[in-house]
Every structure is written in structure tokens, then in C-alpha cells.
Visitor: 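Input: one structure, supplied below.
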Amino acid sequence: MKKLACTALAAVMAFSLAACGSGSSGTGDSDAAVYRVLYGGEVETLNYLVSSSTDELKSAYNTQDCLVEYDSYGNVLPGLAESWERDGEVWTFHLRKGAKWVDYTGKEVAEVTANDFVSSAAYALDAANGSSTAYMMTNTLKNAEEYNLYTAYLVQSENGTKTTDAEGNPIEPVEEVSFEDVGVKALDDYTLQYTTDGEKPWFVSALSFGCFYPVHGPFLEEKGELFGTDNQNLLFCGAYYMSEFLPQQSHVYQKNELYWDKDKVYIDTVKKTYNADASTVAPEMLKRGEIDEASISTDLINAWLADDATKDMVRPSRPDSSYTYFISFNFEPSFDEEYEPDNWIKAVNNENFRKSIYYGLDRVKSFSVQMPEDAESLLLNTITPAAFAVGESGTDYTMMGSLKDITTGNPYNEEQALACRDAAKEELAAAGATFPVKVLFVINPNETNCDKEVQVIEQQLEGLLGSDYIDIQLMTGPSTGFLSEVRRTGDYGMLICNWGFDYADPENAGEPFKAGNSYQFMYTDETQGYTNKTEETQAIVNEYYAMMEAAGQITDNNDERYAAFAEAEAYLINHAMVIPYHMSGGGYIASRLNPFEGQYAPFGGANFRYKGQHLLDKPMSMTEYETALAEWEKNRQDAAQAATGE
């Protein structure tokens with residue numbers, strides 16, 4: 001049996017608690033601390049068991065606890081579970097006694113028990129409830145997918161009474177599966193057991209998903225369809241309860257005085273006020289002292305930095321490593337003939353062609369559109385960001401094996417780009433390609449300044465490689481249905497894509513490139529007509545899939561597992577099948593929160609939790625931010641070494 005109890009984290013916890021809060025001054029410990037912000041878009045639901053919207057789940061991140069939580073450096077800490085252990089596919093969690101459910105007035109309703117996690121699983125996996133995060137359970141728990149499919153059949157067939165759908169198509173029966181067969185059990189009130197479908201060494205990190213949050217079963221049954229429609233139709237077991245929910249007016253959160261860890265909740269009240277023009281009016285309101293945080297757009301940043309009254313009130317937004325961006329090459333184009341898809345197929349299958357763009361892209365120049373002051377701080381040489389996964393030895397995943405050279409190198413290399421261009425010209429001419437190669441680069445209008453960013457990429461690449469070699473054709477995609485109409489149909493040649501991590505394992509970074517995914521159609525599927533890969537490209541794809549499969553089979557040693565995944569990721573990048581770009585984030589902010597003080601994880605909702613944070617006397621400056629970031633990075637490394645005893 002592999003013991004994963006919190007005693008293994010004692011050194012990290014001691015270090016983290018000593019470092020946490022350094023640099024914070026504040027109003028939060030003696031006087032009531034109120035944190036005031038604006039919001040510009042109203043939520044559609046507070047039902048955390050069905051929603052996958054970050055804006056909607058921010059409420060649950062602060063009002064609901066899950067089995068585990070995280071310190072300021074991404075280390076797992078006990079939450080509603082005091083300890084846990086793993087025996088192969090079986091995970092047993094020992095819940096703390098005395099954790100309470102409260103209502104919207106802060107009044108105690110019941111104790112949190114293991115049955116509440118069984119109730120949430122039963123609700124999320126029932127297709128009738130339409131949970132958009134249930135896939136994390138169906139991908140991990142034994143018989144969860146089978147049960148979910150069976151309940152979907154019951155919905156479609158109206159409990160087996162219909163044999164055809166509305167279009168007259170037959171409804172195929174699905175074998176009955178009972179929820180009791182799903183891998184989740186309450187052994188007693190304080191012992192919860194999950195059984196995974198195969199060994200999942202990363203399972204604990206999946207517990208941040210909304211579908212794994214608890215719900216008080218009797219309350220859920222009582223409320224029925226009203227559950228989560230407002231704050232009065234919810235119970236809360238987290239650091240805060242939602243005392244006020246007035247749509248398009250305000251959301252108010254109060255410190256939960258019955259919370260098991262209330263001594264680490266320093267902000268007493270969080271007040272969010274609705275304003276449809278929040279992004280426009282917030283900066284001026286912050287300067288007047290009416291709110292405590294405002295985003296500062298790129299068209300305002302220079303003026304703020306030049307003004308003595310505001311230059312020390314603004315800082316970069318903290319990088320969000322839970323989302324990374326990369327540039328995809330599409331191997332199965334579906335775009336119009338005017339963009340010469342057949343010629344594109346020849347070009348994209350040529351490794352030297354891909355490498356000429358990989359080495360030729362000046363990412364600092366293009367991303368400076370988003371971050372004019374410090375673009376380099378968000379750039380990535382890898383798909384998986386640093387600090388996302390750390391092996392048992394304390395080594396960061398991105399510094400393992402062949403990936404280390406990519407992480408520490410600089411992909412922008414004009415000499416290599418031109419050498420690859422010259423080789424590609426010769427090889428493509430022999431293959432019957434014509435020049436310049438038209439490259440359909442689609443702009444996502446929903447991404448701020450994406451049009452300007454892509455224009456810089458066009459000018460920079462054509463300027464370096466020559467407009468007689470490539471002709472980047474810019475096209476703006478639709479503002480609604482962009483993913484379904486562009487990426488998922490293959491209506492592009494190159495595209496800036498993003499990927500949000502679901503759990504803390506580098507296996508997850510390979511999801512966009514798996515067979516069946518629509519990020520670049522790297523795989524071959526004759527039934528779908530995806531057959532445009534050359535033998536050379538197919539060999540690269542096959543080898544990458546084999547490397548990923550082999551890495552996934554290593555479940556008892558994270559150093560070995562991560563090192564194997566690192567080789568696979570390096571292989572993908574070294575063959576220029578994808579161009580890593582940057583982490584999520586960008587832009588600037590004025591805020592009375594220290595972004596390095598609260599909880600942190602490169603996935604889930606830890607970064608949105610107010611627990612552990614104080615209010616600063618004034619917004620953090622650029623210099624203070626840089627100092628705090630350097631201190632955080634050093635402390636994170638020290639904490640990782642303390643955890644491994646090295």
C-alpha cells in the first residue's frame with residue numbers, strides 16, 4: 001500500500017506557513033476587511049455540480065471545500081480529508097470530523113460526511129442533470145462512464161419507452177448499470193473510498209473538479225431543480241457563504257465562522273458589484289478608492305506608468321499556468337480552394353517547412369502586443385509549463401531529459417530558420433509544391449488584440465523568410481461558434497490554440513494531440529477522411545503515440561513517469577509538430593491582493609480562493625511584484641527540496 005497521508009508533507013507545510021503572508025500589510029486581522037470588486041457579466045447558475053464556467057465556479061471555489069487544497073506553492077494539503085492512502089486503484093480518504101454545512105445566513109444545517117461525496121457523484125453522473133464536468137469522473141472512476149451512458153439512454157428513450165428518436169432513428173438499448181457499481185463508496189460517515197478505472201497516480205489533483213465537490217444529499221433532494229438557482233438554494237461548507245445574490249446588482253460573500261479552518265480566513269467580506277461597463281469604469285473607481293482591484297488595459301498602461309499618482313499602483317497579472325497557448329499546424333485542411341489546400345498539405349507534411357516557421361517566429365515581438373512591458377515572462381518553450389509537475393526527486397518536469405534543452409534554449413534562431421527554409425524549398429519543389437505557400441491563419445475575435453498579434457506574426461515571418469516563400473493569409477473567424485466552425489472543422493492552416501489542464505500530470509498536456517482530438521488532426525482516420533499524412537509524418541505521429549502510451553504505463557514512480565512523458569513532449573516539439581507559445585495571462589492589474597500569498601495550483605480553482613489572503617494597504621507596484629515573484633520562485637524550489645529531503 002502506498003501511503004499518501006499528510007505526514008509526508010510536514011516539511012513543506014512548515015516552510016509554506018512560515019513564508020505565507022510575507023510582505024502583506026493590512027487591515028484584515030483586527031478590523032473587518034472588505035474586498036470590493038466589479039463584475040460585468042452575470043452567472044447563469046450557481047450549481048457547481050453541472051457548470052464548467054470559470055466565472056460561475058469562482059463562487060464554489062470560495063464557498064465549497066473539497067477533499068484537498070493547496071498551499072502557496074502548489075503542494076497538496078489536507079482539506080475536508082485529513083489523510084488518505086492509495087492501494088493500486090483504490091483511494092481511501094479519512095474525513096475530518098466537525099466540518100459543517102451552513103445556509104446563506106451562516107446558520108449550521110448539518111455535518112459534512114462521506115455520504116455527501118457519494119451524493120454529488122450520483123448527481124453529476126446522471127445524464128439527466130447535464131453536468132459539463134462529469135467527464136472527469138467518467139475518465140477516472142470505475143464504471144462511471146458505463147453508468148453515465150446508461151442514464152443518457154434512459155433520458156433519450158424516456159426510461160425505455162421509446163425506441164426511436166425525433167428523426168426516426170433507432171435508439172440502441174444500453175445495458176443497465178447501477179450506481180452502486182460505480183467506484184465511489186462511503187464506508188462510514190468519515191471514510192470515503194474511490195476506485196479508479198486503472199491506476200491513476202494523479203487522481204488527487206482531479207478532486208478540484210466541481211463534480212468531486214460534496215453536496216448534502218437531503219438538501220439536494222429537497223430542492224430538486226431549484227438547487228443552485230440562487231444562494232438560498234445552496235448550502236456552503238467552505239471559507240465563505242454567499243449572503244447576498246442579487247442578479248445584475250451584487251454578490252456578497254461573508255466569512256464562515258463555523259468553517260473548520262476559519263483562522264486562515266483574513267478577509268471578512270467580499271463584495272462584487274455589477275456594472276455592465278466594469279472593464280471601462282473600474283480603473284477610475286480604483287483611483288478614487290471605491291474598489292480594490294481593476295484590470296488596466298494595454299491602451300492605459302503607458303499613461304498609468306507615466307503618472308506619479310498611479311505608476312506604483314499597477315503590476316502585471318500573475319501568469320496563469322493552468323492554460324497554455326500554442327500554434328497548431330492543421331494536417332487535414334477543410335478550407336476553400338482559394339487558399340490552395342492541396343499545396344498546404346504538401347508544405348505542412350514537410351518537416352523543414354514546419355521548422356522554418358518554428359525557428360523563424362519571434363514570439364517576443366508578437367506577444368508584446370499583449371504584454372508591452374514584459375512579454376518574456378509569459379512565453380513558453382514547452383506545452384507543459386514549469387512548476388506544473390515536480391517529480392519525487394524534486395526535479396521539475398520541464399527540466400527532465402531532452403525537454404531540458406528545449407526549456408532552457410531559445411527557439412527563435414534566424415540562421416536555423418533560413419537554413420530550414422532553403423531545405424524546404426528544394427524538397428517541396430521536388431514534391432510538386434508551388435511558392436509562395438499560402439498559409440491560412442485564422443484570427444479569433446474573442447481573444448483581445450488577437451488581430452494585432454497575428455498581423456505582427458504575418459509581417460515578421462514574411463519579412464524573415466520571404467514573401468516569395470510563404471504568403472500568410474489572415475482571416476477573422478466568427479465571434480460565436482469559433483471552435484465549432486473553425487478549429488473543430490479544420491478550417492485553418494495555422495491557429496493559436498489554448499489548452500486548460502484538468503489534473504497535475506504531464507499526460508494531460510498530450511490530450512490535444514491524441515487521436516480523435518481536433519486541435520490539428522495529427523492522427524489518421526480513414527472513416528473521417530483524415531488521410532493526408534505522408535509516411536514521414538505518420539511515422540512521427542506513430543512514434544509519439546507509442547511514447548505517450550509507454551509513459552502512461554508507469555504508475556509507481558513519478559520521476560520515471562515524468563521523464564518518459566518529457567521525452568515524448570520533446571519529440572513532438574523537436575519535429576515542429578506544434579509551436580509552444582505562452583501561458584495564459586497578460587495585461588496589467590491594480591489590486592490590493594498579493595497574488596503570491598494565497599493558494600496556488602496550475603489547474604482547478606486554487607488561484608481564485610480568497611482563503612489565506614490579506615488586504616494590502618495599497619496596490620502592489622511593478623517593483624514589488626517582481627520582488628515577490630522572485631521570492632515565490634525561490635521559496636517554491638526550497639519547499640520542493642524540503643518535501644524530498646534533499
Visitor: Is it true that, when you exclude Tyr190 itself, more than 12 heavy atoms of the residues, nucleotides or ligands shown sit nearer than 6.0 Å to its OH?
Guide: yes

Visitor: Does Glu569 use its side chain to pair, donor to acceptor, with the backbone of Thr384 at less than 3.5 Å?
Guide: yes

Visitor: Would a distance-only check, ignoring hydrogens and angles, find a side-chain to backbone donor-acceptor pair under 3.5 Å from Lys142 to Gly198?
Guide: no

Visitor: Once you measure the plane-to-plane angle for Phe212 and Tyr194, does it fall in the parallel (<30°), tilted (30-60°) or perpendicular (>60°) bin?
Guide: perpendicular

Visitor: Only one of Tyr503, Trp202, Phe501, Tyr562 clears ring-ring contact (aromatic ring centres under 6.0 Å, His included) with Phe388; which?
Guide: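 Per the ring-ring contact (aromatic ring centres under 6.0 Å, His included) rule, the option paired with Phe388 is Phe501, out of Tyr503, Trp202, Phe501, Tyr562.
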
Visitor: Looking only at the aromatic ring of each residue, does the gap between the centers of Phe117 and Phe93 stay below 6.0 angstrom?
Guide: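 So the answer is no for these two rings.
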
Visitor: Do the charged groups of Glu69 and Arg609 touch, with an N to O distance under 4.0 Å?
Guide: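 Between Arg609 and Glu69 there is a salt bridge, with a charged N closer than 4.0 Å to a carboxylate O.
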
Visitor: Looking at Arg636 and Asp71, is there a salt bridge between them, counting it only when a charged N and a carboxylate O are closer than 4.0 Å?
Guide: no

Visitor: So, the side chain of Glu244 versus the backbone of Tyr253: is there a donor-acceptor pair under 3.5 Å, distance only?
Guide: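 The answer is no, because no donor-acceptor pair under 3.5 Å joins these two groups.
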
Visitor: Are the side chain of Thr63 and the backbone N or O of Ser59 linked by a donor-acceptor pair below 3.5 Å?
Guide: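 Indeed, once roles are kept as given, a pair shorter than 3.5 Å links the two residues.
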
Visitor: So which pairs with a foot in residues 222-247 pass ring pair (Phe, Tyr, Trp, His ring centres under 6.0 Å), sequence neighbours left out?
Guide: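 Found Phe245-His251.
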
Visitor: Using a distance-only test with no angle check, is there a side-chain donor-acceptor pair under 3.5 angstrom linking Asp188 and Thr191?
Guide: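 Yes, Thr191 and Asp188 have a side-chain donor paired with an acceptor closer than 3.5 Å.
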
Visitor: Would you say the ring centroid of Phe565 lies under 6.0 angstrom from that of Tyr397?
Guide: no

Visitor: Hey, are Asp292 and Arg36 close enough for a salt bridge, meaning a charged N less than 4.0 Å from a carboxylate O?
Guide: yes

Visitor: As an exercise, state the distance from CG of Leu125 to OH of Tyr150, rounded to the nearest 0.5 Å.
Guide: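 Between Leu125 CG and Tyr150 OH, I get 15.0 Å after rounding to 0.5 Å.
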
